[in-house]
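Report on one structure; see the data block that follows.
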Amino acid sequence: MKTESQSVTAFKETFNHHIEDLDTTPGWWRSMKREAFDRFLTTPMPKRKDESWRFASLSNLSFAEFAYGKPPSITNAQELVEKSRILEHQSGSFTFADNQTIDAEKASFELQKKGVIWTSLREAISRNGELLKDYFMKQEANLGSEKFSLLHTSFVENGALLYIPKGVEVEYPFVSYNWITGQNAAVFPHTLVIAEEFAKVSLVEAHFSTTEDVGALSCGVTHLFAGVGAKIDYTLLQNYNEETLGFQINSNIAGKDATVKTVSVNVGCRNYRSETHGQIKGAGAHVEMLSLAVADKDQEIDQRTLQTHSAPHATSDLLFKNALKDNAKTIFSGLIKVDDGAQQTDAYQTNRNLLLSKTAEANSLPGLEIEANDVKCSHGATTSQIEEEEIFYMLARGIPKEKAQELVVYGFFEEILERIEDEKLKEFARSVIQTKFSSK
Amino acid sequence: MIDFFNKMTATLEIQNLNVSIGEKPILKDFSLTIPKGEVHAIMGPNGTGKSTLAKALAGHPDYEITSGDALIDGESILEMEPDERSREGLFMAFQYPIEIPGVTIANFIRAALNGRLPEGEELNAPAYYRSLYEKMDMLKIDRKFTSRFVNDGFSGGEKKRCEILQMAMLDPKYAILDETDSGLDIDALKVVADGVNSLRGENLGVLVITHYQRLLEYIVPDHVHVLYDGRIVKSGDKDLALELEEKGYDWVKELAETAA
């Protein structure tokens, strides 16, 4: 058995290898990573008593045994690139496999001329240093995963950077595909979107595995910055295999009159921890945070959310829906926080869980913390079983039971699916949900 | 010869059926044979077992069949799951159709039809929509309803028309209409009755369950049966419905008591 200090020493070595392997990176990048790693070491692991980890199975979160070093070369790159085609129209894309860029579709010359930057993080480190210094990892993780956020900063080496200058509107989404291919691989997907004043853009992030049963770690961060009047539409599709341990730490900042919409579709991972923070910093902003998850077998999906209102006249609307099969477990813990200056806030938080088996477990911890006196806020959580009469009605029309359940689940998710604008993306989201029903 | 035998067994046959809810017997030795091509009506006061008959035949789990049999074209359906019974050709129009939020009528009916196709086959979408629109037009259902969620926020009349739309699309061998007239005003009743009448023919047997004679003015039955306390106490032609309307259900009670 390894002692604590032995494993720390080993992990320090792993990190040093990682830093040494970074070739031409500038000094500020290295020192930022070193600093993050030092803080990572001194930050304690989550404990059972931590409110932000209530109900979570902490024993499954061990991250030390993964392969943090350079991945073996990607042998099936062409095949992965071909599989990385969800949308009919896109403004640009990246395909990453085990943190390596295997394909890039640049933004059009026209967009580049307008000042749009669509680049990999690896390239941005040397070419867009000033932008990164201002925006990279500048939204604090504060929902419990501080340690994993520091792990991300320590080991992140690639990702997608999207910068949209003032007034530029982009019609089609940018897409970032992130594949896990290696045995015990550790991947650190990173997405950074900066939309300046009155810019408009959408981005899709997809997380996939090439294998069905090989364990891996994904520790991802996505930060969105929406300037005055800007509009960002973000969709995350997470369909890793069910041996993967996943952390996804997302945060967005909405400036004055900005609109930010985030949609997450989560079906993969053995244990998945997602944190979503909507920070309303400008008056009149509108933030929508939507999520759907289908969990089956022994999956555990742990969702923590925060809606922070620090400016008046803004709205935020959160809807997280989970469908659970078999022995699956979900945790939803959400908080709406309204500062005393954020008068005339409209903030809503809803979590709905649909239990498809008697042994599934849905936990819900909604919360409000309001310091302003002129606000409209509500939170609600429901957990229900599938209605037997609904199923009987469908059976009575000749629809087989498994299909009837699937229809009820689609119906349950429809109010989220209908808010995905791109038709192909919506169709793909449906097909991802369907894999949870036809696999049996 | 083959046709002869097929014709012999082209019936929905209910033989000495006993049905309980919990411990309580509701249907008692109930027997009825409905040949294809005929419309039978069952009338009776509330609580005599009319809806129990419909739900037990459709296979609702709350209704326990303690003895007897029910056969479609000679084959017992009692061991079949509700979805198998439907695919075998039995249709029940619900008295209280269920709302299914998030599932559109078009997708719902498509799933029902896909369930009838061999493994791996899918409906032809343009042909499906052509057929759906044609039947919606017949039932005076706005085509926009294809993207409405099943029964969600529908009026009473819309729900019942939607039941008949499903019946028209699924093309059953035998249809049971459970109090399809309840909650309908006269205009809605006529539309529903017209829909049912247009589906009548030698390939369909119909059982109309109703409390009131009114529906039978528009769906004129070949036979009328009066149900009381779980049994048929009197059968006759369409005039029996009028007689019943005139004399009221107290008369049925007397009939039952003299019979017993």
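No experiment lies behind these values; they were computed from the predicted model shown. Below, chains carry the letters A, B, ... as their sequence lines are ordered, and counting in each starts from 1.
Of the atoms belonging to B:Phe91, it is side-chain heavy atoms, and not backbone ones, that fall under 4.5 Å from chain A. Heavy atoms of A:Glu390 lying under 4.5 Å from chain B belong to its backbone as well as its side chain. There is no contact between B:Arg85 and chain A, counting heavy-atom distances below 4.5 Å. Of the two parts of B:Glu99, only the backbone, made up of N, CA, C and O, holds a non-hydrogen atom closer than 4.5 Å to a non-hydrogen atom of chain A. Proximity to chain A involves both the backbone and the side chain of B:Phe108, based on heavy atoms less than 4.5 angstrom apart. No part of B:Pro172 comes within reach of chain A, as not one of its non-hydrogen atoms sits under 4.5 angstrom from that chain.
The environment of NZ in A:Lys424 is sparse: at most 12 heavy-atom neighbours from other residues, nucleotides or ligands sit within 6.0 Å. Within a 6.0 Å sphere centred on CD of A:Glu212, heavy atoms belonging to other residues, nucleotides or ligands number 12 at most. For CD of B:Glu202, the number of neighbouring non-hydrogen atoms (other residues, nucleotides, ligands) closer than 6.0 Å is 12 at most. Under a cut-off of 6.0 angstrom, the local environment of OH in B:Tyr96 is sparse, with at most 12 non-hydrogen atoms contributed by other residues, nucleotides or ligands. Crowding of B:Lys135 atom NZ: a count of heavy atoms from other residues, nucleotides or ligands under 6.0 Å exceeding 12.
The residue among B:Gly115, B:Pro101, B:Pro82 with the most heavy atom pairs within less than 4.5 Å of chain A is B:Pro82. Interface remark: of the candidates A:Val408, A:Leu417, A:Leu395, A:Leu395 forms the most heavy-atom pairs closer than 4.5 Å to chain B. Between chain A and the residues B:Met167, B:Glu81, B:Glu88, B:Gln166, the largest count of heavy-atom pairs under 4.5 Å involves B:Gln166.
Counted by atom type alone, B:His60 and A:Glu388 present zero donor-acceptor pairs between their side chains at under 3.5 Å. Between the side chains of B:Asn151 and A:Tyr393, at least one donor N or O lies within less than 3.5 Å of an accepting N or O.
Considering only heavy atoms from C-beta on, A:Lys401 stays 4.5 Å or farther from B:Asp83 through its side chain. In this structure the side chain of B:Arg87 reaches within 4.5 angstrom of the side chain of A:Pro400, judged on heavy atoms. Side-chain contact between B:Phe149 and A:Glu414 is present, with at least one heavy-atom pair separated by less than 4.5 Å.
Considering all non-hydrogen atoms of both residues, B:Ala93 and A:Arg397 come closest at CA-NH2, 4.3 Å. Here the shortest heavy-atom pairing between B:Pro61 and A:Phe392 reads CD-CD1, 4.1 Å.
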